[in-house]
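Written out below as structure tokens is the structure these notes cover.
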Amino acid sequence: MKYAALKKENLNKWLEYLKSKARLYAPKKKENQFVFRPVKNVDEACLKYIPTVIPPKKYYFPQKEKLLKFTVEPFHTAKAIAEFEEFILFAVHTCDIAGIQCMDVAFKEGPEDPNYLNRKEKMTIIGIECLEYCDTHANCASMATHVPRGGYDLMLVDIGEKFIIHINSEKGERLVRNVSYIKEAGAEDMAVLCFVREKKKNIFKEEFSAGLDRVYQAFGDGFKHKVWQDVGRRCVACGNCTMVCPTCYCFDVVDDMDLSLNSGLRYRIWNSCQMDDFAKVAGGEDFRKGRENRQRHRYYRKFRYPVDKFNRYFCTGCGRCSRACMAGINLVETVNALMDGGKLNNA
Amino acid sequence: MRKTKPRVAFFDFTDCEGCQLQFANMGEGLLQLTELVEIVNFREIMSEAGQDYEVAFVEGSITTESDIKRIQEIRKKAKVLIALGACAATAGVNGMKNRFPLELAKSRVYGDKAGTVNTIASLPLHKVVKVDYFIHGCPVYIPEVLQVVKCVLMQKPYALPNYAVCVECKMNENVCRYEKDQECLGPVTRAGCNSWCINNGNRCYGCRGLVDNPAADAQKDILLKYGLKADEILQRFNLYNDSLGEKYGQEFK
């Protein structure tokens with residue numbers, strides 16, 4: 001079975017079933033935004049949502065992650081977590097799945113990161129395809145992440161009364177096989193799916209004023225462009241843009257003693273290139289002084305450096321950095337200004 | 001081979017003693033702490049007032065000439081001096097006094113008795129004596145207090161966060177206060193409190209002081225964009241911050 005169909009009236013039943021199989025995480029409303037949370041009550045799972053405050057990254061690369069237990073006398077170290085639990089991420093947008101693919105590239109580059117890989121191994125991803133824009137901040141059409149491009153176990157598409165489920169892995173198939181109310185998708189279902197996808201082409205339009213090749217070129221030429229001064233002047237260096245990014249993977253490592261002062265835990269904690277001390281070294285030298293240089297660096301880490309290194313853009317078009325920036329620094333405007341040689345609209 | 005426990009004393013100057021209260025209310029942690037240190041002087045929890053100590057936790061700002069003498073005496077005795085809380089670390093709310101001519105401040109508070117009051121500008125401890133550790137916050141955040149205590153006992157410096165409260169707030173996945181049409185000083189305020197107030201539905205008042213290099217004009221842009229007037233912005237900043245005008249200097253004055 002490659003495509004299955006699930007009637008909407010059976011969705012909650014299926015969610016209960018998924019919950020019985022592994023720990024289930026899904027988007028949930030929080031005030032006027034959304035967050036991924038463990039599903040307690042299946043009614044709370046949201047399938048139509050604006051990208052969550054922080055991406056589901058927190059489940060495979062936690063904000064603060066225990067790495068190692070240690071004692072000083074007698075000296076001993078051990079893995080902080082012996083075994084990880086199985087979990088299912090439900091209703092992940094295609095942009096966030098692209099984020100997972102980016103993280104894979106970064107963390108699988110030698111030397112591989114065992115903590116990341118241990119968690120990833122236990123993860124099942126059930127995606128949901130967006131049929132319209134979440135809001136005006138997204139640039140997923142330019143990044144071509146608005147359509148499913150692999151990296152998931154199951155992908156749901158809402159075709160009205162049913163969800164079509166694309167089965168993309170054996171892991172995924174196990175969650176739909178032998179479930180009485182999930183049937184193989186028929187020819188009629190597939191025809192509706194084609195229609196829905198066709199309609200989508202008229203909704204999603206490239207948000208950048210030119211294609212990605214041109215974007216890449218603009219970054220090649222634009223290191224000294226005045227747009228970086230504009231962005232730097234407005235930035236408060238709060239770090240929001242990097243904290244919410246699905247592809248930012250910088251971290252710091254700290255040892256934390258407990259009150260015995262003889263044993264403790266080693267953690268890694270998310271870090272951000274927007275912080276004042278990020279590129280400071282002993283003696284106080286700072287290799288990336290100034291907010292304009294740090295913002296520029298962030299952009300280059302999405303649109304130029306990873307393309308050279310991994311042949312992959314590290315922007316997923318989710319729009320979180322623009323959404324989270326209270327100074328109104330907007331990714332699409334910045335990239336367009338870099339290409340057009342123009343000034344930012346609200347600069 | 002347990003070495004003798006360091007003797008610890010608590011002192012206060014101009015403050016509300018709320019930071020010591022945080023300490024006293026620590027619960028089980030306080031019992032664990034007494035395994036590591038001997039508390040010899042802490043008037044909120046004991047009647048003894050020992051004068052033989054190695055570590056001094058000092059709450060409050062320096063606001064009189066006699067305060068200066070007293071803190072200098074404490075400094076002489078203590079091997080380690082810790083500024084406990086906003087009043088001690090940045091002058092805190094006491095710093096508001098410094099924004100007015102001293103005589104005006106005195107007459108506003110004491111009326112016709114102003115002449116009998118002997119007071120000077122509010123100073124954080126480090127303006128008078130050397131401070132070894134700073135614990136910011138109004139009140140202090142106990143998990144951070146414990147981090148500092150451990151550093152003291154291990155004779156290590158405490159790495160004071162030099163990034164914005166937003167960083168911790170985002171990691172806690174709070175909905176941004178600006179999304180809720182509230183102004184918040186998180187973007188320019190020093191982290192370390194694990195965004196305590198925002199986690200509990202409040203906004204950031206900037207009690208921990210500004211980061212080393214605050215983008216004051218960019219933050220002003222943001223507050224203006226969200227509809228605050230210049231004097232309202234000033235009020236938000238002034239509650240806790242920069243009473244000596246060292247950080248954002250002329251920009252807000």
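Naming: A, B, ... by sequence-line order, numbering from 1 per chain.
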### Message
Ignoring hydrogens and geometry beyond distance, is a side-chain donor-acceptor pair present between A:Gln63 and B:Asn172 at under 3.5 Å?
### Response
no

Which bit of [X] is near chain B, if near means a heavy-atom gap under 4.5 Å: side chain, backbone, both or neither?
| X | result |
| --- | --- |
| A:Phe278 | neither |
| A:Val236 | both |
| A:Lys64 | neither |
| A:Arg320 | neither |

Measure across [X] and [Y] and return the closest heavy-atom pair with its distance rounded to 0.1 Å.
| X | Y | result |
| --- | --- | --- |
| A:Asn32 | B:Glu179 | ND2-O, 3.2 Å |
| B:Lys170 | A:Ala324 | CE-CB, 4.1 Å |
| B:Pro187 | A:Met326 | CG-CE, 3.6 Å |
| B:Ala164 | A:Cys238 | CB-CA, 3.9 Å |
| A:Cys235 | B:Ala215 | O-CB, 3.6 Å |

Taking the side chain as every heavy atom from C-beta outward, state whether [X] and [Y] have any pair of such atoms under 4.5 Å apart.
| X | Y | answer |
| --- | --- | --- |
| B:Cys169 | A:Met243 | no |
| B:Asn213 | A:Arg291 | yes |
| B:Leu153 | A:Met257 | no |
| A:Asp256 | B:Gln147 | yes |

### Task
Check step by step if salt bridge (charged side-chain N to carboxylate O under 4.0 Å, His left out) holds for A:Lys58 and B:Glu173.
CA-CA 10 Å; A:Lys58 63 181 179 178; B:Glu173 219 173 357; 2.5 Å; yes

### Summary
If you tally heavy-atom pairs under 4.5 Å between each of A:Asp277, A:Ile269, A:Asn240, A:Val254 and chain B, the highest tally belongs to A:Asn240

### Query
For B:Asn162, is it the side chain, the backbone, both, or neither that has a heavy atom closer than 4.5 Å to a heavy atom of chain A?
both

